[in-house]
Amino acid sequence: MSATILIIALAYAQVALALAGVLLGLRILWGPRAQDRVLALDALYVAIMLLLLVTGMRLGTAFFFEAATVIAIMGFVTSVALAKFLSRGEVIE
Amino acid sequence: MTRLFPHPVLSLFLILLWLMLTRFSLGYLLLGTVLSLVAGWAYSALHSPRPRVRRWDVMPRLAWTLFSDIVWSNLTVARLLLTEGRSGRKSAFLRVRLNITNPNALALLAIILTATPGTAWVEYGSDSGILTVHIFNGAEAGHYRHIICDIYEPMLMEIFE
Amino acid sequence: MTALADVPLALAIPIAALVVLGSTLTLIGATGVLRLQSFYDRLHAPTLATSWGTGAIIIASALLFTFIDGRAVVHEFVIGAFIVLTTPVTLMMLGRAALERDRAEGGKAMPEMPEPDPSPDHGPDRGPDRGPNHGRSET
């Protein structure tokens with residue numbers, strides 16, 4: 001019983017997060033401006049990180065947690081560098 | 001003591017982070033302590049003045065206000081997004097003159113405002129003291145001005161100034 | 001799947017509810033990023049995913065692995081704290097970058113700015129000469 005509830009909820013979460021990723025991907029493709037793409041990319045990082053966490057829960061393994069941590073850190077560094085680039089035209093001043 | 005622990009709060013936080021990421025054991029505690037000490041020295045070489053927190057007892061009240069604010073604005077913004085196009089919502093910029101000048105207080109305010117759905121910190125002119133915030137629902141401008149000026153600003157003043 | 005079957009019902013229901021809540025909020029935020037018309041509006045949508053979207057899923061994950069591993073698993077909260085602390089930095093920098101770009105282009109791209117507080121009811125420490133100049137400086 002509890003396994004059924006959890007599997008349904010986790011499967012729903014996987015579909016919802018994957019769909020969120022697709023929507024954000026469309027925004028990255030459409031733009032129209034660079035800051036829109038960077039914003040969507042930052043949100044995409046978060047969605048993928050959550051998808052990994054949920055997948056790890058569904059498989060009952062903590063393995064995906066490490067990947068989620070790395071993605072969270074990479075997402076932050078990437079987005080800050082891109083935002084810096086957008087406002088100044090160069091990353092390192 | 002100050003030379004050994006230039007940033008005690010930062011070092012404690014790093015030890016805790018280290019233990020959370022690994023395992024609570026004596027070996028990891030020792031390793032984490034050494035690492036956090038090195039990180040503290042490195043940080044003080046980068047950024048000399050230590051943030052001075054005058055009153056720690058206001059912190060829980062701030063955290064609780066922030067928590068309830070985030071829950072409430074999550075619901076509001078989710079509802080606005082679902083009814084987008086039908087509700088006649090119009091976003092707006094809000095400019096507020098701030099009295100706090102402490103960089104740490106400003107950084108905390110920036111995190112608070114941006115982490116809460118519905119408000120986004122856009123710009124702050126340190127020479128004019130004017131903060132520009134973008135708010136998702138322009139009809140709520142008075143409400144957000146009240147939240148910034150009358151709730152968060154006095155609390156941050158108590159903590160840092 | 002054996003691990004999930006052992007979870008008691010009283011724990012399974014809150015975990016399922018939190019997972020559904022978190023993923024739904026993330027999805028709503030993503031539709032906002034896609035559907036909203038202006039960049040400054042879209043700036044608000046991801047905060048749904050990064051506040052309670054992340055929060056709910058992380059609490060659910062911590063609960064589940066605490067039960068499965070039989071000890072307190074709290075390292076999920078490291079990700080949570082990290083996301084909560086770093087997303088504002090990203091969004092703030094993006095907002096400022098967008099404003100600077102709009103300002104540099106000028107004209108119709110520049111959003112309308114209202115005057116700051118009409119009633120300077122507070123701020124005795126600020127002289128009257130501090131007018132609403134558009135001082136652009138580092139925060």
Side-chain angles (χ1 to χ4, degrees), chain A residues 1-10 12-17 19-24 26-27 30 32-36 38-40 42-47 49-51 53-54 56-62 65 68-69 71-73 75-80 82-88, chain C residues 1-13 15-20 22-24 26-31 33-35 39 42-43 45-46 49-50 53-54 57-58 60-61 64-65 68-69 73 75-76 78-79 82-83 86-87 89-101:
Chain A
M1 179 60 185
S2 59
T4 324
I5 293 176
L6 280 177
I7 286 171
I8 292 174
L10 291 172
Y12 164 80
Q14 281 179 312
V15 172
L17 291 171
L19 188 59
V22 171
L23 297 181
L24 293 169
L26 284 177
R27 178 51 80 191
W30 288 348
R33 305 192 60 197
Q35 54 261 45
D36 295 297
V38 177
L39 180 71
D42 187 53
L44 182 63
Y45 267 114
V46 175
M49 187 211 78
L50 292 178
L51 185 59
L53 278 184
V54 168
M57 286 168 77
R58 191 172 173 187
L59 300 179
T61 157
F65 170 79
T69 317
I71 285 185
I73 293 170
F76 172 62
V77 175
T78 315
S79 307
V80 165
L82 285 171
K84 194 82 191 156
F85 178 74
L86 287 185
S87 65
R88 293 269 185 267
Chain C
M1 287 303 127
T2 49
L4 290 184
D6 297 335
V7 180
L9 198 61
L11 193 61
I13 290 174
I15 290 177
L18 282 171
V19 165
V20 169
S23 51
T24 309
T26 309
L27 184 57
I28 293 175
T31 57
V33 173
L34 192 64
R35 282 177 63 208
F39 170 76
R42 291 197 277 269
L43 201 55
T50 58
T54 308
I57 289 181
I58 274 170
S61 173
L64 185 70
F65 284 111
I68 289 180
D69 292 2
V73 177
H75 55 207
E76 272 83 357
V78 175
I79 292 191
F82 190 80
I83 292 287
T86 57
T87 310
V89 179
T90 314
L91 293 182
M92 223 153 54
M93 290 187 73
L94 266 180
R96 208 173 63 190
L99 195 64
E100 276 173 15
R101 282 167 69 104

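In this text, all values refer to a predicted model and were calculated from it rather than measured experimentally. All heavy atoms count here, side chains included; hydrogens, waters and symmetry mates do not.
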* To do: Let me know which of T69(A), I71(A), I73(A) forms a side-chain contact (heavy atoms from CB on, under 4.5 Å) with I79(C).
  => T69(A)

* Contact leader toward chain C among L51(A), L24(A), V15(A), where contacts are heavy-atom pairs under 4.5 Å -> L24(A)

* Heavy atoms only: give me the nearest V20(C)-A9(A) pair and the separation to one decimal. => CG2-CB, 3.9 Å

* To do: Select, from A40(A), A13(A), G56(A), the one with the greatest count of heavy-atom pairs under 4.5 Å involving chain C.
  => A13(A)

* **Part of F82(C) lying under 4.5 Å from any heavy atom of chain A** => side chain

* What option among Q14(A), M57(A), M49(A) has the most heavy-atom pairs under 4.5 Å with chain C? -> M57(A)

* Is it the side chain or the backbone of D42(A) that comes within 4.5 Å of chain C heavy atoms, both, or neither? -> side chain

* Spacing of I5(A) atom CD1 and I13(C) atom CD1 [to the nearest 0.5 Å] -> 4.5 Å

* Structure fact -> If you tally heavy-atom pairs under 4.5 Å between each of A45(C), A98(C), A49(C) and chain A, the highest tally belongs to A98(C)

* Asked: Can V33(C) and D36(A) be said to form a side-chain contact (heavy atoms from CB on, under 4.5 Å), step by step?
  -> CA-CA 9 Å; V33(C) 173; D36(A) 295 297; over 6 Å; no

* Asked: For T26(C), which residues count as a side chain to side chain donor-acceptor pair (under 3.5 Å) partner, sequence neighbours excluded?
  -> none

* Structure fact -> Cut-off 4.5 Å, heavy atoms of chain C, and the answer for L53(A) is side chain

* Asked: Between L11(C), L18(C), T54(C), which residue shows the highest count of heavy-atom pairs closer than 4.5 Å to chain A?
  -> T54(C)

* Drop me the distance from R96(C)'s CZ to K84(A)'s NZ, to the nearest 0.5 angstrom. => 6.5 Å

* Asked: How far does OH of Y45(A) sit from CD1 of I83(C), to the nearest 0.5 angstrom?
  -> 11.5 Å

* For the residue pair A83(A) and A97(C), what are the closest heavy atoms and their distance? -> O-CB, 3.7 Å

* **L23(A) and R35(C), any side-chain heavy atoms less than 4.5 Å apart** => no

* Among the options A17(C), G29(C), A30(C), G53(C), pick out the one with the most heavy-atom pairs lying under 4.5 Å from chain A. => A30(C)

* Name the option with the most non-hydrogen atom pairs under 4.5 Å to chain C; the candidates are V22(A), L39(A), L17(A), L19(A). => L39(A)

* If you take all heavy atoms of R42(C) and P32(A), which pair is closest and at what distance? -> NH2-CD, 3.8 Å

* Below 4.5 Å from any heavy atom of chain C, which atoms of V46(A) appear? Answer side chain, backbone, both or neither. => side chain

* **L44(A) versus chain C, the contacting section by heavy-atom distance below 4.5 Å** => neither

* Asked: Heavy atoms, side chains only, cut-off 4.5 Å: are V19(C) and Y12(A) in contact?
  -> no

* Asked: With side chains defined as the heavy atoms from C-beta onward, is the minimum distance between V89(C) and F76(A) less than 4.5 Å?
  -> yes

* Top residue by heavy-atom pair count (under 4.5 Å) with chain A, among A10(C), P46(C), A12(C)? -> A12(C)

